[in-house]
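For reference, the structure I am asking about is given below.
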Amino acid sequence: MKKLALWICTLLLLVGCTQKEEKTTFQNSGNPLIKNKFTADPAPLVHEGTLYLYVGHDEYYAGQDSASGGREFNITEWLCYSTKDMQTWNDHGSVLKPTDFEWGIGEAWASQVIEHEGRFYYYTTVQAGEPYNSKVIGVAVSDSPTGPFTDAIGKPLITDDMTSNGPRGWWNDIDPTFIMDEEGQAWLCWGNGTCFLARLKPNLTELEGEIEVVDLPLFVEGPWLHKKDDLYYLTYASMGEGRETISYATAPSMEGPWSPQGKLTGMAENSFTIHPGIAEFNGKWYLFYHNATLTLEGIEGAIGRRSVCVEELHYNPDGTMQFVEQTTKGVAGI
Ligand code: FUB
């Protein structure tokens, strides 16, 4: 009998071990933060004392350096990382792929994950196949910040035919960002070439009312919404000297009016794009972005081989954000 009990205990222990989540850990050694993969479009989420960071996985392919028309990018999955102190980071691996959406055919472009009433909503850019044949915005849900995430509505939330095409045609519906305002109204903002803004219904998976256009100087893409004290912030990739910089606007409410506040950063080293992701964590504010300074196995950074970085963000007494210098130290060891 004793022997049998011992066998059962050993078996349970073995099963427990094999079912343990596989997780690797690394230390923050300065920028770029993630040094073993090309990563882009950082989107932080703070939940119960942990900062989760969702990124697109930029992947190299032969011929990438002469590709154009969007084929400079090859991003087939979104990755997740987490930390409790900005120094020790856990790598949770791939948490979602464009092909996890039945209608998705590729291109894990920029996203944001938010938590609401215990559920995690993954708003993200996807290249959709028939009948859409364009960039669209999808939404996936999970009960856990690290997934598994599944398509919330079985179709894209925003499609190309819902917005005016502006200067960027079939790929102007990209880069979603979310905020819940003080009145409990949920908003989604997105766009390339045109900055779109719409209310969401309380289920967070349907638009409510008209899609508005926010007029922002030099707006390119990558909007990010956040709130601090009494101000709402709309931070975005803006056109600099031939490459993107980050600029922002502020407003007293999500209904506006939006006042342009100028540049938050300069251009990112070696990268055409730069993409803001802002969060408050353990009493400090952080700006995540990407440059393209990493070299991996002899393959140098490029437009489609970027690397996520982070800097501390500081505010002036009037609520404006101080210009952020891009450094190699980042927030290592602070
Ligand atoms: O990563 C692909 C695209 O590049 C994103 O959607 C944009 O914000 C830009 O970073």
Side-chain angles (χ1 to χ4, degrees), residues 32 34 37-44 53-61 64 67-79 96-98 104-113 122-128 134-138 156 158 160 163 166-178 188-196 216 218-225 234-240 242-248 264-265 267-278 287-294 301-310 326:
I34 299 156
K37 282 177 188 146
F38 294 117
T39 56
D41 303 328
L53 184 65
Y54 303 87
V55 302
H57 183 189
D58 271 356
E59 293 148 87
Y60 170 75
Y61 69 93
Q64 187 174 36
S68 60
R71 279 180 289 274
E72 305 91 317
F73 302 107
N74 176 37
I75 321 176
T76 62
E77 59 185 356
W78 291 277
L79 310 172
L96 186 67
K97 292 183 164 63
I105 57 170
E107 297 178 47
W109 285 18
S111 68
Q112 184 176 0
V113 181
Y122 212 126
Y123 296 96
T124 192
T125 315
V126 183
Q127 177 69 34
S134 65
K135 291 280 183 303
V136 301
I137 292 173
I158 293 158
D160 191 37
T163 57
R168 287 306 191 305
W170 60 274
W171 57 285
N172 65 354
D173 295 299
I174 67 169
D175 297 0
T177 176
F178 173 103
L188 201 70
C189 177
W190 70 96
N192 179 299
T194 310
C195 181
F196 299 110
L216 298 166
L218 304 172
F219 177 84
V220 182
E221 56 185 354
W224 184 271
L225 289 166
L234 204 175
T235 306
Y236 58 95
S238 49
M239 193 39 75
R243 293 187 287 126
E244 291 177 354
T245 52
I246 297 177
S247 298
Y248 74 104
L264 182 61
T265 73
M267 298 179 283
E269 194 177 339
N270 200 34
S271 177
F272 175 78
T273 65
I274 189 167
H275 188 104
I278 295 174
L287 170 73
F288 291 86
Y289 63 98
H290 62 231
N291 61 24
T293 58
L294 191 66
I303 182 169
R305 295 191 297 275
R306 296 160 291 177
S307 24
V308 162
C309 300
V310 58
Q326 299 168 50

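Atoms within a ligand are numbered from 1 in the order they appear, just like the ligands themselves.
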Measuring from Asp41:CG to Thr273:OG1, what's the distance to the nearest 0.5 Å?
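Rounded to the nearest 0.5 Å, the CG-OG1 separation comes out at 6.5 Å.
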
With sequence neighbours excluded, residues passing side-chain contact (heavy atoms from CB on, under 4.5 Å) with Leu218
Ser238, Lys263

Once you restrict both partners to nitrogen or oxygen, which atoms of ligand 1 have a protein partner under 3.5 Å, and how far apart are they?
{"residue": "ligand 1", "atom": "1 (O)", "partner": "Asp41", "partner atom": "OD2", "Å": "2.5"}
{"residue": "ligand 1", "atom": "1 (O)", "partner": "Arg306", "partner atom": "NH1", "Å": "3.3"}
{"residue": "ligand 1", "atom": "1 (O)", "partner": "Arg306", "partner atom": "NH2", "Å": "2.8"}
{"residue": "ligand 1", "atom": "4 (O)", "partner": "Arg306", "partner atom": "NH1", "Å": "3.2"}
{"residue": "ligand 1", "atom": "6 (O)", "partner": "Ala110", "partner atom": "N", "Å": "3.3"}
{"residue": "ligand 1", "atom": "6 (O)", "partner": "Asp175", "partner atom": "OD1", "Å": "2.5"}
{"residue": "ligand 1", "atom": "8 (O)", "partner": "Asp175", "partner atom": "OD2", "Å": "2.6"}
{"residue": "ligand 1", "atom": "8 (O)", "partner": "His275", "partner atom": "ND1", "Å": "2.9"}
{"residue": "ligand 1", "atom": "10 (O)", "partner": "Asp41", "partner atom": "OD1", "Å": "2.7"}
{"residue": "ligand 1", "atom": "10 (O)", "partner": "Arg306", "partner atom": "NH1", "Å": "3.2"}

Exactly one candidate in Thr124, Val55, Val113 meets side chain to side chain contact (heavy atoms under 4.5 Å, CB included) with Trp78; the answer is Thr124

Under the side-chain hydrogen bond (donor to acceptor under 3.5 Å, both in side chains) test, residues paired with Gln326 that sit two or more places apart
none

For the side chain of Glu269 and the backbone of Thr293, is there at least one donor-acceptor N/O pair under 3.5 Å apart?
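No: the side chain of Glu269 does not pair with the backbone of Thr293.
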
Going by the rule side-chain contact (heavy atoms from CB on, under 4.5 Å), which residues pair with Ala237 if we only count those two or more places apart in sequence or in a different chain?
Glu221, Glu244

